[in-house]
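Comments concern the structure below.
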Amino acid sequence: MSVFSHPEFDLHEQVNFFHDEATGLKAIVAIHNSNRGPALGGCRMWNYANDEDALTDALRLSKGMTYKSALANLDLGGGKSVIIGDPRQHKTEALLEMMGRCLESLSGRYIAAEDSGTSVADLKVMGRHTQYVAGITEHTGIDGQPSNGDPSPATAYGTFIGLKAAVKHRFGRDDLNGLSVAIQGVGNVGYRLAEHLRAAGAKLYVTDIHQDQVDKAVNLLGATAVHADEILSLDVDVLAPCALGAILNDNSIAAIKATVIAGAANNQLASARHDMMLKQRGILYAPDFAINAGGIIDIFYDRVGHSPEKVSRHIETIAETLDEIFRRSDATGTPCGMIANTLAEEHFLKKITV
Ligand code: NAD
(Lines give C-alpha, C1' and ligand atoms only; values in the text may rest on other atoms or scores of the structure.)
Protein backbone atom coordinates (compact mmCIF):
# COMPACT_ATOMS: atom_id res chain seq x y z
CA MET A 1 0.00 0.00 0.00
CA SER A 2 1.64 3.17 -1.18
CA VAL A 3 1.43 6.40 0.81
CA PHE A 4 3.53 8.87 -1.14
CA SER A 5 1.82 8.15 -4.47
CA HIS A 6 -1.67 7.81 -2.93
CA PRO A 7 -4.20 10.16 -4.62
CA GLU A 8 -5.09 11.68 -1.20
CA PHE A 9 -1.45 12.22 -0.17
CA ASP A 10 -0.95 15.97 0.19
CA LEU A 11 2.49 16.52 1.69
CA HIS A 12 1.42 14.82 4.93
CA GLU A 13 4.17 15.10 7.53
CA GLN A 14 3.79 11.69 9.12
CA VAL A 15 1.66 8.59 8.61
CA ASN A 16 1.86 5.93 11.31
CA PHE A 17 0.66 2.33 11.10
CA PHE A 18 0.06 0.49 14.38
CA HIS A 19 -0.64 -3.20 14.91
CA ASP A 20 -1.03 -5.23 18.08
CA GLU A 21 -1.60 -8.95 17.74
CA ALA A 22 -2.88 -9.54 21.27
CA THR A 23 -5.74 -7.02 21.09
CA GLY A 24 -6.28 -7.11 17.32
CA LEU A 25 -5.63 -3.37 17.05
CA LYS A 26 -4.95 -2.11 13.56
CA ALA A 27 -4.78 1.66 13.37
CA ILE A 28 -3.47 4.47 11.20
CA VAL A 29 -2.61 7.93 12.52
CA ALA A 30 -2.11 10.60 9.86
CA ILE A 31 -0.56 13.96 10.68
CA HIS A 32 -1.12 16.32 7.79
CA ASN A 33 0.44 19.58 8.97
CA SER A 34 1.62 20.81 12.35
CA ASN A 35 2.80 24.33 11.48
CA ARG A 36 0.21 25.89 13.81
CA GLY A 37 0.48 23.34 16.62
CA PRO A 38 -0.10 19.70 17.51
CA ALA A 39 -2.35 17.83 15.09
CA LEU A 40 -5.79 17.38 16.63
CA GLY A 41 -8.62 15.36 15.11
CA GLY A 42 -11.08 12.59 15.72
CA CYS A 43 -10.29 8.92 16.22
CA ARG A 44 -12.69 7.05 13.93
CA MET A 45 -13.47 3.35 14.30
CA TRP A 46 -15.00 1.91 11.17
CA ASN A 47 -15.43 -1.45 9.50
CA TYR A 48 -13.48 -0.48 6.39
CA ALA A 49 -13.85 -2.76 3.37
CA ASN A 50 -10.05 -2.86 3.12
CA ASP A 51 -6.88 -1.21 4.46
CA GLU A 52 -6.68 1.05 1.43
CA ASP A 53 -10.03 2.65 2.33
CA ALA A 54 -8.81 3.23 5.89
CA LEU A 55 -5.67 4.96 4.62
CA THR A 56 -7.74 7.07 2.21
CA ASP A 57 -9.96 8.22 5.09
CA ALA A 58 -7.01 9.01 7.36
CA LEU A 59 -5.20 11.03 4.68
CA ARG A 60 -8.30 12.94 3.54
CA LEU A 61 -9.72 13.67 7.00
CA SER A 62 -6.38 14.75 8.52
CA LYS A 63 -5.94 17.30 5.73
CA GLY A 64 -9.48 18.55 6.36
CA MET A 65 -8.61 19.14 10.03
CA THR A 66 -5.58 21.27 9.09
CA TYR A 67 -7.83 23.52 7.00
CA LYS A 68 -10.64 23.66 9.57
CA SER A 69 -8.41 24.58 12.52
CA ALA A 70 -6.33 27.07 10.53
CA LEU A 71 -9.42 28.86 9.24
CA ALA A 72 -10.79 29.02 12.81
CA ASN A 73 -7.50 30.59 13.93
CA LEU A 74 -6.72 27.80 16.38
CA ASP A 75 -3.14 26.94 17.30
CA LEU A 76 -3.63 23.40 16.12
CA GLY A 77 -2.47 21.30 13.23
CA GLY A 78 -4.47 18.68 11.37
CA GLY A 79 -4.53 14.98 12.12
CA LYS A 80 -6.88 12.04 12.21
CA SER A 81 -6.70 8.44 13.36
CA VAL A 82 -8.65 5.44 12.19
CA ILE A 83 -9.06 2.11 13.93
CA ILE A 84 -9.92 -0.66 11.48
CA GLY A 85 -12.82 -2.78 12.77
CA ASP A 86 -16.51 -2.83 13.54
CA PRO A 87 -17.01 -0.78 16.72
CA ARG A 88 -19.98 -2.97 17.72
CA GLN A 89 -17.95 -6.19 17.40
CA HIS A 90 -14.27 -5.46 17.77
CA LYS A 91 -14.13 -2.64 20.30
CA THR A 92 -12.73 -3.90 23.60
CA GLU A 93 -11.19 -2.15 26.57
CA ALA A 94 -7.87 -3.84 25.83
CA LEU A 95 -7.92 -2.57 22.24
CA LEU A 96 -8.72 0.98 23.34
CA GLU A 97 -6.00 0.87 26.00
CA MET A 98 -3.51 -0.27 23.37
CA MET A 99 -4.63 2.61 21.13
CA GLY A 100 -3.86 4.91 24.08
CA ARG A 101 -0.32 3.48 24.27
CA CYS A 102 0.13 4.02 20.52
CA LEU A 103 -1.00 7.64 20.85
CA GLU A 104 1.38 8.18 23.76
CA SER A 105 4.28 6.93 21.62
CA LEU A 106 3.72 9.93 19.30
CA SER A 107 4.65 12.27 22.20
CA GLY A 108 1.79 14.70 21.58
CA ARG A 109 2.35 15.32 17.87
CA TYR A 110 -1.23 14.03 17.48
CA ILE A 111 -4.15 14.42 19.92
CA ALA A 112 -7.28 12.28 19.52
CA ALA A 113 -10.91 13.32 20.01
CA GLU A 114 -14.13 11.37 19.56
CA ASP A 115 -15.48 10.61 16.10
CA SER A 116 -17.77 8.10 14.37
CA GLY A 117 -17.47 4.80 16.21
CA THR A 118 -15.80 6.21 19.31
CA SER A 119 -17.32 7.93 22.33
CA VAL A 120 -16.17 10.16 25.15
CA ALA A 121 -16.10 6.98 27.32
CA ASP A 122 -13.78 5.25 24.78
CA LEU A 123 -11.42 8.24 24.76
CA LYS A 124 -11.30 8.07 28.54
CA VAL A 125 -10.20 4.42 28.33
CA MET A 126 -7.43 5.42 25.89
CA GLY A 127 -6.61 8.22 28.32
CA ARG A 128 -5.50 5.67 30.95
CA HIS A 129 -2.28 5.36 28.93
CA THR A 130 -1.92 8.73 27.28
CA GLN A 131 -2.41 12.39 28.01
CA TYR A 132 -2.97 13.01 24.30
CA VAL A 133 -6.76 12.74 24.14
CA ALA A 134 -9.12 15.74 24.12
CA GLY A 135 -12.78 16.54 24.53
CA ILE A 136 -13.24 14.39 27.62
CA THR A 137 -13.33 16.98 30.39
CA GLU A 138 -16.63 17.73 32.06
CA HIS A 139 -17.41 21.44 31.95
CA THR A 140 -20.25 23.90 31.54
CA GLY A 141 -21.22 23.92 27.88
CA ILE A 142 -21.91 27.06 25.86
CA ASP A 143 -25.62 26.41 26.41
CA GLY A 144 -25.04 26.67 30.18
CA GLN A 145 -25.73 22.94 30.59
CA PRO A 146 -23.26 20.43 32.07
CA SER A 147 -21.26 18.89 29.22
CA ASN A 148 -19.30 15.64 29.05
CA GLY A 149 -17.24 17.07 26.19
CA ASP A 150 -19.71 16.44 23.34
CA PRO A 151 -18.92 19.20 20.81
CA SER A 152 -22.35 19.09 19.09
CA PRO A 153 -23.92 22.09 20.93
CA ALA A 154 -20.90 24.20 19.96
CA THR A 155 -21.06 23.00 16.35
CA ALA A 156 -24.78 23.83 16.21
CA TYR A 157 -24.22 27.30 17.65
CA GLY A 158 -21.43 28.01 15.14
CA THR A 159 -23.63 26.81 12.29
CA PHE A 160 -26.43 29.10 13.48
CA ILE A 161 -24.02 32.08 13.63
CA GLY A 162 -22.70 31.21 10.17
CA LEU A 163 -26.20 30.80 8.73
CA LYS A 164 -27.10 34.26 10.01
CA ALA A 165 -23.96 35.71 8.38
CA ALA A 166 -24.91 34.08 5.07
CA VAL A 167 -28.48 35.41 5.31
CA LYS A 168 -27.16 38.89 6.03
CA HIS A 169 -24.89 38.73 3.00
CA ARG A 170 -27.53 37.35 0.66
CA PHE A 171 -30.70 39.13 1.83
CA GLY A 172 -29.22 42.14 3.66
CA ARG A 173 -31.11 41.41 6.87
CA ASP A 174 -29.99 40.80 10.46
CA ASP A 175 -32.99 38.80 11.62
CA LEU A 176 -34.35 35.39 10.61
CA ASN A 177 -38.00 36.12 11.32
CA GLY A 178 -40.23 34.25 8.86
CA LEU A 179 -37.26 32.98 6.85
CA SER A 180 -37.73 29.39 5.62
CA VAL A 181 -34.98 26.86 6.34
CA ALA A 182 -34.84 23.21 5.24
CA ILE A 183 -32.72 20.99 7.50
CA GLN A 184 -31.51 17.63 6.22
CA GLY A 185 -30.82 15.53 9.33
CA VAL A 186 -32.06 16.51 12.78
CA GLY A 187 -29.49 14.56 14.79
CA ASN A 188 -27.10 15.90 17.42
CA VAL A 189 -26.22 19.04 15.48
CA GLY A 190 -29.25 19.48 13.20
CA TYR A 191 -31.79 19.35 16.02
CA ARG A 192 -29.90 21.91 18.09
CA LEU A 193 -29.56 24.13 15.03
CA ALA A 194 -33.34 23.83 14.61
CA GLU A 195 -33.81 24.99 18.21
CA HIS A 196 -31.72 28.13 17.57
CA LEU A 197 -33.57 28.83 14.32
CA ARG A 198 -36.96 28.33 15.91
CA ALA A 199 -36.06 30.76 18.72
CA ALA A 200 -35.06 33.28 16.03
CA GLY A 201 -38.47 32.97 14.33
CA ALA A 202 -37.51 30.90 11.26
CA LYS A 203 -39.97 28.51 9.55
CA LEU A 204 -38.53 25.00 9.67
CA TYR A 205 -38.77 22.08 7.24
CA VAL A 206 -37.04 18.91 8.38
CA THR A 207 -36.26 15.38 7.29
CA ASP A 208 -34.41 12.47 8.86
CA ILE A 209 -34.24 8.74 8.30
CA HIS A 210 -35.19 8.33 11.99
CA GLN A 211 -38.88 9.13 12.32
CA ASP A 212 -38.62 9.81 16.07
CA GLN A 213 -36.18 12.66 15.37
CA VAL A 214 -38.59 14.16 12.85
CA ASP A 215 -41.54 13.77 15.24
CA LYS A 216 -39.59 15.57 17.97
CA ALA A 217 -38.87 18.54 15.69
CA VAL A 218 -42.49 18.65 14.54
CA ASN A 219 -43.97 18.38 18.03
CA LEU A 220 -41.54 20.51 20.01
CA LEU A 221 -40.37 23.04 17.43
CA GLY A 222 -43.39 23.31 15.13
CA ALA A 223 -41.34 22.11 12.14
CA THR A 224 -42.95 20.76 8.98
CA ALA A 225 -41.91 17.19 8.09
CA VAL A 226 -40.71 16.67 4.53
CA HIS A 227 -39.91 13.47 2.64
CA ALA A 228 -36.16 12.76 2.45
CA ASP A 229 -36.22 12.93 -1.38
CA GLU A 230 -37.76 16.42 -1.37
CA ILE A 231 -35.65 18.28 1.17
CA LEU A 232 -32.85 19.40 -1.18
CA SER A 233 -35.17 20.83 -3.82
CA LEU A 234 -37.62 22.52 -1.46
CA ASP A 235 -38.65 26.09 -2.28
CA VAL A 236 -37.05 27.69 0.80
CA ASP A 237 -34.65 30.54 1.52
CA VAL A 238 -31.91 28.44 3.15
CA LEU A 239 -30.84 24.81 2.88
CA ALA A 240 -28.98 23.45 5.93
CA PRO A 241 -27.37 20.04 5.23
CA CYS A 242 -26.73 18.40 8.62
CA ALA A 243 -26.53 14.72 7.73
CA LEU A 244 -24.42 13.33 4.92
CA GLY A 245 -21.46 14.34 2.79
CA ALA A 246 -21.40 14.67 -1.02
CA ILE A 247 -25.01 15.88 -1.19
CA LEU A 248 -24.07 18.85 -3.40
CA ASN A 249 -23.67 17.10 -6.74
CA ASP A 250 -24.76 17.47 -10.40
CA ASN A 251 -28.32 16.30 -9.74
CA SER A 252 -29.02 18.12 -6.50
CA ILE A 253 -27.44 21.43 -7.52
CA ALA A 254 -29.60 21.59 -10.64
CA ALA A 255 -32.71 21.17 -8.46
CA ILE A 256 -31.85 23.36 -5.44
CA LYS A 257 -34.19 26.37 -5.08
CA ALA A 258 -32.67 27.82 -1.89
CA THR A 259 -30.22 30.63 -2.59
CA VAL A 260 -28.22 30.04 0.59
CA ILE A 261 -26.60 26.75 1.70
CA ALA A 262 -25.44 26.83 5.31
CA GLY A 263 -25.25 23.57 7.25
CA ALA A 264 -22.96 21.50 9.47
CA ALA A 265 -22.40 18.34 7.41
CA ASN A 266 -18.79 17.59 6.52
CA ASN A 267 -17.64 17.30 2.90
CA GLN A 268 -20.86 18.60 1.35
CA LEU A 269 -19.38 19.11 -2.13
CA ALA A 270 -19.31 15.85 -4.10
CA SER A 271 -16.24 17.20 -5.91
CA ALA A 272 -14.33 20.47 -6.16
CA ARG A 273 -16.06 21.48 -9.39
CA HIS A 274 -19.45 21.61 -7.61
CA ASP A 275 -18.17 24.68 -5.77
CA MET A 276 -18.14 26.57 -9.10
CA MET A 277 -21.50 25.06 -10.12
CA LEU A 278 -23.09 26.62 -7.02
CA LYS A 279 -21.50 29.98 -7.79
CA GLN A 280 -22.73 29.84 -11.39
CA ARG A 281 -26.26 29.06 -10.19
CA GLY A 282 -26.13 32.10 -7.88
CA ILE A 283 -26.29 30.01 -4.70
CA LEU A 284 -24.33 31.37 -1.73
CA TYR A 285 -22.46 28.44 -0.18
CA ALA A 286 -21.05 28.69 3.36
CA PRO A 287 -18.06 26.30 3.11
CA ASP A 288 -18.64 23.36 5.47
CA PHE A 289 -15.28 23.44 7.25
CA ALA A 290 -15.72 27.16 7.96
CA ILE A 291 -19.27 27.01 9.32
CA ASN A 292 -18.95 23.75 11.30
CA ALA A 293 -15.79 24.69 13.25
CA GLY A 294 -17.67 25.25 16.54
CA GLY A 295 -16.90 21.71 17.73
CA ILE A 296 -13.14 21.91 17.21
CA ILE A 297 -13.13 25.35 18.86
CA ASP A 298 -14.89 23.82 21.88
CA ILE A 299 -12.36 20.96 22.05
CA PHE A 300 -9.44 23.38 21.73
CA TYR A 301 -10.57 25.26 24.84
CA ASP A 302 -10.88 21.95 26.66
CA ARG A 303 -7.07 21.82 26.37
CA VAL A 304 -6.23 25.41 27.22
CA GLY A 305 -8.88 26.27 29.82
CA HIS A 306 -12.59 26.11 29.13
CA SER A 307 -15.04 28.90 29.78
CA PRO A 308 -18.41 29.16 28.02
CA GLU A 309 -17.83 32.88 27.36
CA LYS A 310 -14.42 32.40 25.72
CA VAL A 311 -15.72 29.53 23.59
CA SER A 312 -18.83 31.46 22.50
CA ARG A 313 -16.77 34.53 21.60
CA HIS A 314 -14.41 32.44 19.48
CA ILE A 315 -17.28 30.62 17.79
CA GLU A 316 -18.86 33.96 16.92
CA THR A 317 -15.78 34.81 14.80
CA ILE A 318 -17.16 32.26 12.30
CA ALA A 319 -19.42 35.10 11.10
CA GLU A 320 -16.41 37.33 10.29
CA THR A 321 -14.58 34.51 8.54
CA LEU A 322 -17.60 33.74 6.38
CA ASP A 323 -18.14 37.40 5.64
CA GLU A 324 -14.57 37.67 4.38
CA ILE A 325 -15.08 34.55 2.23
CA PHE A 326 -18.32 35.91 0.74
CA ARG A 327 -16.80 39.34 0.00
CA ARG A 328 -13.67 37.88 -1.61
CA SER A 329 -15.87 35.58 -3.68
CA ASP A 330 -18.02 38.51 -4.87
CA ALA A 331 -14.95 40.56 -5.69
CA THR A 332 -13.07 37.87 -7.63
CA GLY A 333 -15.76 35.54 -9.01
CA THR A 334 -13.98 32.65 -7.30
CA PRO A 335 -16.32 30.17 -5.58
CA CYS A 336 -16.60 30.26 -1.79
CA GLY A 337 -15.05 26.83 -1.14
CA MET A 338 -11.93 27.75 -3.06
CA ILE A 339 -11.66 31.07 -1.22
CA ALA A 340 -11.96 29.23 2.11
CA ASN A 341 -9.15 26.87 1.07
CA THR A 342 -6.90 29.77 0.12
CA LEU A 343 -7.64 31.63 3.36
CA ALA A 344 -6.85 28.53 5.42
CA GLU A 345 -3.60 28.04 3.50
CA GLU A 346 -2.66 31.67 4.24
CA HIS A 347 -3.05 30.74 7.92
CA PHE A 348 -1.06 27.50 8.01
CA LEU A 349 1.52 27.55 5.26
CA LYS A 350 4.92 28.73 6.44
CA LYS A 351 6.80 30.99 4.12
CA ILE A 352 9.94 29.23 2.97
CA THR A 353 12.91 31.56 3.20
CA VAL A 354 16.13 30.80 1.37
P1 NAD B 1 -25.87 12.58 13.90
O2 NAD B 1 -25.59 11.18 13.46
O3 NAD B 1 -26.25 12.82 15.32
O4 NAD B 1 -27.01 13.25 13.00
C5 NAD B 1 -27.13 13.02 11.64
C6 NAD B 1 -28.61 12.80 11.36
O7 NAD B 1 -28.78 12.69 9.96
C8 NAD B 1 -29.13 11.52 11.99
O9 NAD B 1 -30.30 11.79 12.77
C10 NAD B 1 -29.44 10.63 10.79
O11 NAD B 1 -30.55 9.79 10.99
C12 NAD B 1 -29.72 11.67 9.72
N13 NAD B 1 -29.54 11.16 8.36
C14 NAD B 1 -28.62 10.29 7.90
N15 NAD B 1 -28.81 10.07 6.59
C16 NAD B 1 -29.86 10.81 6.21
C17 NAD B 1 -30.53 11.01 4.99
N18 NAD B 1 -30.18 10.37 3.87
N19 NAD B 1 -31.59 11.85 4.96
C20 NAD B 1 -31.98 12.50 6.08
N21 NAD B 1 -31.38 12.35 7.28
C22 NAD B 1 -30.34 11.51 7.34
O23 NAD B 1 -24.56 13.41 13.50
P24 NAD B 1 -24.18 14.88 13.97
O25 NAD B 1 -23.17 14.78 15.05
O26 NAD B 1 -25.43 15.67 14.17
O27 NAD B 1 -23.42 15.42 12.68
C28 NAD B 1 -24.15 15.84 11.54
C29 NAD B 1 -23.17 16.26 10.44
O30 NAD B 1 -22.35 17.33 10.92
C31 NAD B 1 -22.21 15.16 10.02
O32 NAD B 1 -21.92 15.32 8.64
C33 NAD B 1 -20.97 15.45 10.83
O34 NAD B 1 -19.80 14.94 10.21
C35 NAD B 1 -20.98 16.95 10.83
N36 NAD B 1 -20.24 17.54 11.95
C37 NAD B 1 -20.61 17.26 13.23
C38 NAD B 1 -19.91 17.83 14.29
C39 NAD B 1 -20.30 17.57 15.73
O40 NAD B 1 -19.85 18.32 16.61
N41 NAD B 1 -21.14 16.58 16.00
C42 NAD B 1 -18.84 18.71 14.04
C43 NAD B 1 -18.50 19.01 12.71
C44 NAD B 1 -19.22 18.41 11.67
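Quantities reported herein were computed from a predicted structural model and do not represent experimental measurements. The basis for the numbers below is simple: all heavy atoms, side chains too, and nothing from hydrogens, waters or symmetry mates. Counting starts at 1 for both ligands and their atoms, following the listed order.
- Alongside Leu244, the hydrophobic cluster contains Tyr205, Val226, Ile231, Leu232, Leu234, Val236, Leu239, Ile247, Leu248, Ile253, Ile256, Ile261, Leu269, Met277, Leu278, Ile283, Tyr285 (criterion: ILVMFWY side chains under 4.5 Å).
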- Pair His6-Thr56, side chain to side chain donor-acceptor pair (under 3.5 Å): steps then yes or no: CA-CA 8 Å; His6 193 288; Thr56 300; 3.1 Å; yes

Short N or O contacts of ligand 1 with protein, under 3.5 Å, listed by atom name?
{"residue": "ligand 1", "atom": "3 (O)", "partner": "Asn188", "partner atom": "N", "Å": "2.9"}
{"residue": "ligand 1", "atom": "3 (O)", "partner": "Asn188", "partner atom": "ND2", "Å": "3.2"}
{"residue": "ligand 1", "atom": "9 (O)", "partner": "Asp208", "partner atom": "OD1", "Å": "3.2"}
{"residue": "ligand 1", "atom": "9 (O)", "partner": "Asp208", "partner atom": "OD2", "Å": "2.7"}
{"residue": "ligand 1", "atom": "11 (O)", "partner": "Asp208", "partner atom": "OD1", "Å": "2.5"}
{"residue": "ligand 1", "atom": "11 (O)", "partner": "His210", "partner atom": "ND1", "Å": "3.1"}
{"residue": "ligand 1", "atom": "26 (O)", "partner": "Asn188", "partner atom": "N", "Å": "3.2"}
{"residue": "ligand 1", "atom": "26 (O)", "partner": "Val189", "partner atom": "N", "Å": "2.8"}
{"residue": "ligand 1", "atom": "30 (O)", "partner": "Ala264", "partner atom": "O", "Å": "3.3"}
{"residue": "ligand 1", "atom": "32 (O)", "partner": "Ala243", "partner atom": "O", "Å": "3.0"}
{"residue": "ligand 1", "atom": "32 (O)", "partner": "Asn266", "partner atom": "N", "Å": "3.3"}
{"residue": "ligand 1", "atom": "34 (O)", "partner": "Asn266", "partner atom": "ND2", "Å": "2.9"}
{"residue": "ligand 1", "atom": "40 (O)", "partner": "Thr155", "partner atom": "OG1", "Å": "2.7"}
{"residue": "ligand 1", "atom": "41 (N)", "partner": "Ser152", "partner atom": "OG", "Å": "3.3"}

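- Ion pairing between a basic and an acidic side chain is recognised when a charged N comes within 4.0 Å of a carboxylate O; Arg328 and Asp323 show no such pairing.
- In this structure, a donor-acceptor pair under 3.5 Å is present between the side chains of Asp250 and His274.
- In summary, Lys124 and Glu138 engage in a salt bridge, as defined by a charged side-chain N under 4.0 Å from a carboxylate O.
- Closest non-hydrogen pair, Ile161 versus Ala319, comes out as CG2-CB, 3.7 Å.
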